[in-house]
Amino acid sequence: MFAQKRVNLAKGKHKIIILDEADSMTDGAQQALRRTMEIYSNTTRFALACNTSEKIIEPIQSRCAMLRYGKLSDAQILAKIIEVCQKEDVSHTDDGLEAIVFTAQGDMRQALNNLQSTYNGFGHVNSENVFKVCDEPHPLLVKEMLELCAQGKISKAYGIMEHLWKMGYSAEDLISNIFRVCTNLSIEEPLKLDFIKEIGITHLGIVDGINSLLQMNSLLARLCQKTMQK
């Protein structure tokens, strides 16, 4: 009905319809939308926002210009949450803000949600409180574990992995944090690439259903083996 509506606009101006989360539409709804887009394309422009463009049917994709947006950088997220903390008078520490940036993974909405949840829950934003709210393996523990692997100290690395496992974290939780921490690990670049390759292979196994503690310990053994080969 909005697309049908006649509106007096200056030459070159069009009505705009913005559909958020368009990838949640059923195929039938998208087919109906395609017809509407065809009929009223002269007077109305359609903007579709989605997370997975593959879920949009091909006839609609072919009628649209695709714009892809990457994740925000850590610096951009940090600048915004510092601004929010100053305006809202949020008690925080530097390591707390670093934890917010780490858990956000380039998503500003996630960063602000985590910041608000931590402050509402504890009244103070530090790394310990952030990871309690987000319920993620602490990156310092994961970093220590990877550094032990880089030194070939497999028994101590096993100890940290077993501790994290007993805390209730799943293999999926652990492998995603291990990858993120590894990308910023201070080790030689060739060894880091070998680590990332082994982490990726383990991730594939976890996706296929091999998500036991033995699988995670196998990863640590292979990482230590790569260290010994260098």
Check: Phe102 and Asp74 side chains under 4.5 Å, non-hydrogen atoms: no
Leu33 side chain reached by Leu19 side chain, heavy atoms, under 4.5 Å: yes
Minimum side-chain heavy-atom gap Gln151-Cys224 below 4.5 Å: no
Within 6.0 Å of CD in Glu88, more than 12 heavy atoms from elsewhere: no
Thr227 side chain vs Cys149 backbone, donor-acceptor pair below 3.5 Å: yes
Co-membership, hydrophobic cluster, residues Ile57 and Ile17, 4.5 Å side-chain: yes
With Ile175, the side chain to side chain contact (heavy atoms under 4.5 Å, CB included) member among Gln215, Arg180, Met216: Met216
Salt bridge flag under 4.0 Å for residues Glu188 and Lys192: no
Shortest non-hydrogen contact from Trp165 toward Leu174: CE3-CD1, 3.8 Å
Nearest-0.5 Å distance, CG of residue Leu140 to CE of residue Met145: 12.5 Å
Minimum heavy-atom distance Ala150-Leu191, with the two atoms named: CB-CD2, 4.4 Å
Donor-acceptor under 3.5 Å (Ser117 side chain, Asn114 main chain): no
Main-chain N/O of Glu198 paired to Thr202 side chain as donor or acceptor, under 3.5 Å: yes
Under 3.5 Å: donor-acceptor pair, side chain of Lys55, backbone of Met25: no
Rounded distance [0.5 Å steps], CG in Asp23 versus CD1 in Ile56: 5.5 Å
Flag side-chain contact, heavy atom, 4.5 Å: Lys226 against Gln229: yes
Over all atoms of both residues, closest heavy-atom pair of Ala221 and Ile154: CA-CD1, 3.5 Å
Nearest atoms (heavy-atom pairs only) where Phe131 meets Pro139: CZ-CD, 3.0 Å
Pair Met37-Cys64, side-chain contact (heavy atoms from CB on, under 4.5 Å): steps then yes or no: CA-CA 10 Å; Met37 292 172 68; Cys64 296; 4.0 Å; yes
Ile187 side chain near Phe195 side chain, heavy-atom distance below 4.5 Å: yes
Donor-acceptor under 3.5 Å (Gln76 side chain, Ser73 main chain): yes
Heavy atoms from other residues, nucleotides or ligands near NZ of Lys80 exceed 12 (cutoff 6.0 Å): no
Exam field: side chain His203 to backbone Ile201, donor-acceptor pair closer than 3.5 Å: no
Pair Arg68-Ser53, side-chain donor/acceptor within less than 3.5 Å: yes
pair Val130-Val133: side-chain heavy atoms closer than 4.5 Å: no
Intermediate values then yes/no, salt bridge (charged side-chain N to carboxylate O under 4.0 Å, His left out), Glu38 and Arg63: CA-CA 9 Å; Glu38 289 174 347; Arg63 287 167 171 76; 2.5 Å; yes
Arg45 side-chain N/O to Ser41 backbone N/O, donor-acceptor pair under 3.5 Å: yes
Any Asn42 side-chain heavy atom under 4.5 Å of Tyr40 side chain: no
Check: Asp95 side chain, Asn126 main-chain N or O, donor-acceptor pair, under 3.5 Å: no
Met66 CE to Leu48 CG distance, which is reported to the nearest 0.5 Å: 10.0 Å
Distance in Å, Tyr169 OH paired with His163 NE2, rounded so as to fall on 0.5 Å steps: 8.5 Å
Spacing of Leu115 atom CG and Leu97 atom CG [to the nearest 0.5 Å]: 7.5 Å
Co-membership, hydrophobic cluster, residues Leu148 and Ile199, 4.5 Å side-chain: yes
Under 3.5 Å: donor-acceptor pair, side chain of Asn129, backbone of His124: yes
Main-chain N/O of Ile60 paired with Gln30 side-chain donor or acceptor, under 3.5 Å: no
Lys156 with Glu144: basic N within carboxylate O range, under 4.0 Å: no
Within 6.0 angstrom of Asp107 CG, more than 12 heavy atoms from elsewhere: yes
Beyond-backbone contact of Gln110 with Thr103, side-chain heavy atoms, under 4.5 angstrom: no
Gap separating the CG atom of Leu219 from the CG atom of Leu146, nearest 0.5 angstrom: 8.0 Å
